[in-house]
Visitor: 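My structure is below; once you've seen it, I'll send some questions.
Here the structure is a predicted model, which means the values were calculated and not measured. Chain A is the first sequence line, chain B the second, and so forth, proteins listed ahead of strands; every chain is numbered from 1.
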There are 2 protein chains.
Amino acid sequence: MILLTRNITSYSMDTKKLIEMLREKGFKVTPQRLAIYEKILANKEHPTVDQIYQEVQKKFPTLSLTTVYHTLHLLTKIELLQELRCNNGVSRYEPDKTPHINIICQNCGAISDYQSKNVENFLLQLKKELKTKLLGNHFEIQTICEKCRKQG
Amino acid sequence: MILLTRNITSYSMDTKKLIEMLREKGFKVTPQRLAIYEKILANKEHPTVDQIYQEVQKKFPTLSLTTVYHTLHLLTKIELLQELRCNNGVSRYEPDKTPHINIICQNCGAISDYQSKNVENFLLQLKKELKTKLLGNHFEIQTICEKCRKQG
DNA sequence: AAGTTAATTAATAATCATTATAGTATATTT
DNA sequence: AAATATACTATAATGATTATTAATTAACTT
Ligand SMILES: [Mn+2]
Ligand SMILES: [Mn+2]
Ligand SMILES: [Zn+2]
Ligand SMILES: [Zn+2]
């Protein structure tokens, strides 16, 4: 199977950054890793592990779930992703590291992003107040999404 | 087993409120429910389901884990508790409904509360900005706690 | 191009939190 | 005190995640 035939220039900025980070830390650049990362970036709905698996499998039919779990942990460790375990304990993955709020539907579990000046200012102020170093943050709000509200 | 022998006057304000709310909604007042709620109120460390189980079991040796789960869901539904699912997907329970931030140690998992004018203002502003009705919120910050930092 | 090392796959099995089931016990009402 | 509806307990089932192998494959180095 010839896998890494794409011209380097065809990679997105994000993918190039991933490649660079993998090389830097001595991890191998594999097509599965790139595809998994690209799929999460393309999917703005904070997909679950299984959703990612299903999607990327279309491109790589032999992809195993083990590889997906392993890759997601790796990408989380090198801080390209954040793992979210909000609703029912099922992991979802977040590629957006900028300060924002995740609005979570209590009915269907869908997550959408909410950004505002308010969030940014709040975090800036908070950093000043706290003496300890921030490793990460997660702000979430629970509600019923519009789609679910229409159904009742 | 004679269980509900305590004089009503020995109940705390919080417990009295729980009793009232249960009666109001047609749920039965059971010693397990009171004990579980009291234990969460007494424990300021956002205990896990199993921690609550272990603790309350000392008082009621026949207590089942199923009852703990069921009770916690009930108390969450009547809005006396909030379920937190932070890091590892394990549920923790939060009796404090006032706006605050949970500071979570990435090393030992301990959760401490943080309150400030900044947090309050942020939430007030957020409510104005959002059109949808808020069912709940959870703001968390990841860091390494002082205790763990000293150890290295 | 060949050698080395790490990654992927596959096939199970184990773990662990949570949920479902069904029989027994108990709180509340009469 | 008896009736009845709910709650409790014990046990089993579920389901996502992790662990363990070992064999194959592919990325990287020289
Ligand atoms: Mn998000
Ligand atoms: Mn708290
Ligand atoms: Zn929804
Ligand atoms: Zn700690």
Side-chain angles (χ1 to χ4, degrees), chain A residues 1-6 8 11 15 18-37 47-54 56-57 59-78 83-93 109, chain B residues 1-6 8 18-37 47-54 56-57 59-78 83-93 109:
Chain A
M1 207 177 358
I2 301 158
L3 294 167
L4 284 175
T5 49
R6 266 193 299 183
I8 187 75
Y11 290 126
T15 305
L18 170 58
I19 292 174
E20 191 183 341
M21 288 187 72
L22 288 173
R23 292 240 158 88
E24 198 171 283
K25 313 219 175 195
F27 298 114
K28 289 181 176 168
V29 176
T30 70
Q32 288 91 338
R33 286 173 175 170
L34 302 189
I36 288 168
Y37 185 51
T48 64
V49 178
D50 201 63
Q51 283 167 350
I52 297 163
Y53 175 54
Q54 300 293 341
V56 180
Q57 214 180 23
K59 204 171 174 183
F60 300 101
T62 67
L63 180 74
S64 80
L65 191 52
T66 308
T67 299
V68 179
Y69 272 108
H70 189 245
T71 301
L72 292 172
H73 289 159
L74 177 69
L75 297 182
T76 301
K77 189 177 280 178
I78 65 177
E83 186 183 10
L84 303 181
R85 282 189 136 155
C86 314
N87 249 11
N88 44 5
V90 178
S91 290
R92 289 172 173 270
Y93 280 86
Chain B
M1 208 177 359
I2 301 159
L3 295 165
L4 285 175
T5 49
R6 265 194 300 185
I8 187 75
L18 170 58
I19 293 174
E20 191 183 342
M21 287 186 74
L22 288 172
R23 291 240 157 88
E24 198 172 283
K25 313 217 177 195
F27 297 115
K28 289 182 175 166
V29 176
T30 69
Q32 289 91 339
R33 284 174 176 170
L34 302 188
I36 288 167
Y37 186 51
T48 65
V49 178
D50 201 63
Q51 284 167 350
I52 297 163
Y53 173 54
Q54 300 293 340
V56 180
Q57 213 181 23
K59 203 171 174 184
F60 298 103
T62 67
L63 179 74
S64 80
L65 190 53
T66 309
T67 297
V68 179
Y69 273 105
H70 189 244
T71 302
L72 293 172
H73 289 158
L74 178 68
L75 297 182
T76 302
K77 191 177 281 180
I78 65 177
E83 185 184 9
L84 303 182
R85 284 200 132 137
C86 314
N87 260 4
N88 46 6
V90 178
S91 290
R92 289 171 173 270
Y93 280 85

Visitor: A:Leu34 vs A:Tyr37, test: side-chain contact (heavy atoms from CB on, under 4.5 Å). Steps then yes/no.
Guide: CA-CA 5 Å; A:Leu34 302 189; A:Tyr37 185 51; 6.0 Å; no
Visitor: Could you state the atom-to-atom distance from CZ of B:Arg23 to P of D:dA7 in whole Å?
Guide: 13 Å
Visitor: Nearest heavy-atom pair of B:Ile78 and B:Phe27: which atoms, and what distance?
Guide: CG2-CE1, 4.3 Å
Visitor: Return the minimal non-hydrogen interatomic distance between A:Gly89 and A:Arg85, and the atom names on each side.
Guide: O-NE, 3.3 Å
Visitor: Checking side chain to side chain contact (heavy atoms under 4.5 Å, CB included) between A:Ile52 and each of A:Thr71, A:Ile36, A:Leu63, which is the one that passes?
Guide: A:Ile36
Visitor: Reading nucleotides 10-23 of chain C from the 5' end, what letters show protein touch, with B for base, S for backbone sugar-phosphate only, - for no heavy atom under 4.0 Å?
Guide: S------SBBB---
Visitor: In this structure, how many angstroms lie between the C1' atom of D:dC28 and the CD atom of A:Glu24, rounded?
Guide: 17 Å
Visitor: Between P on D:dT25 and CZ on A:Phe60, what's the gap in Å once rounded to a whole number?
Guide: 16 Å
Visitor: What's the CZ-P distance between B:Arg33 and D:dT9, to the nearest Å?
Guide: 11 Å
Visitor: What is the distance, to the nearest angstrom, from the NZ atom on A:Lys25 to the P atom on D:dC28?
Guide: 17 Å
Visitor: So, is B:Gln32 close to the C:dT26 phosphate, meaning a side-chain N or O under 4.0 Å from OP1 or OP2?
Guide: no
Visitor: Quick one: is B:Thr67 getting a side-chain N or O under 4.0 Å of the D:dT9 phosphate, OP1 or OP2?
Guide: yes
Visitor: Return the value, rounded to whole Å, for the distance between atom CG of A:Leu74 and atom P of C:dA6.
Guide: 14 Å
Visitor: Can you check the A:Phe27 CZ to C:dT5 P distance for me, whole Å?
Guide: 17 Å
Visitor: Could you pull out the closest heavy-atom pair between B:Glu83 and B:Ser91, with the gap in Å?
Guide: OE2-OG, 2.6 Å
Visitor: Using the test side-chain contact (heavy atoms from CB on, under 4.5 Å), find all partners of B:Lys28 that sit at least two apart in sequence or belong to another chain.
Guide: B:Thr30, B:Arg33
Visitor: Return the value, rounded to whole Å, for the distance between atom CG of A:Leu84 and atom P of D:dA16.
Guide: 18 Å
Visitor: Do the side chain of B:Lys28 and the base of C:dT26 come within less than 3.5 angstrom through a donor-acceptor pair of N or O atoms?
Guide: no
Visitor: Side chains of B:Asp50 and B:Val90: closer than 4.5 Å at any heavy-atom pair?
Guide: no
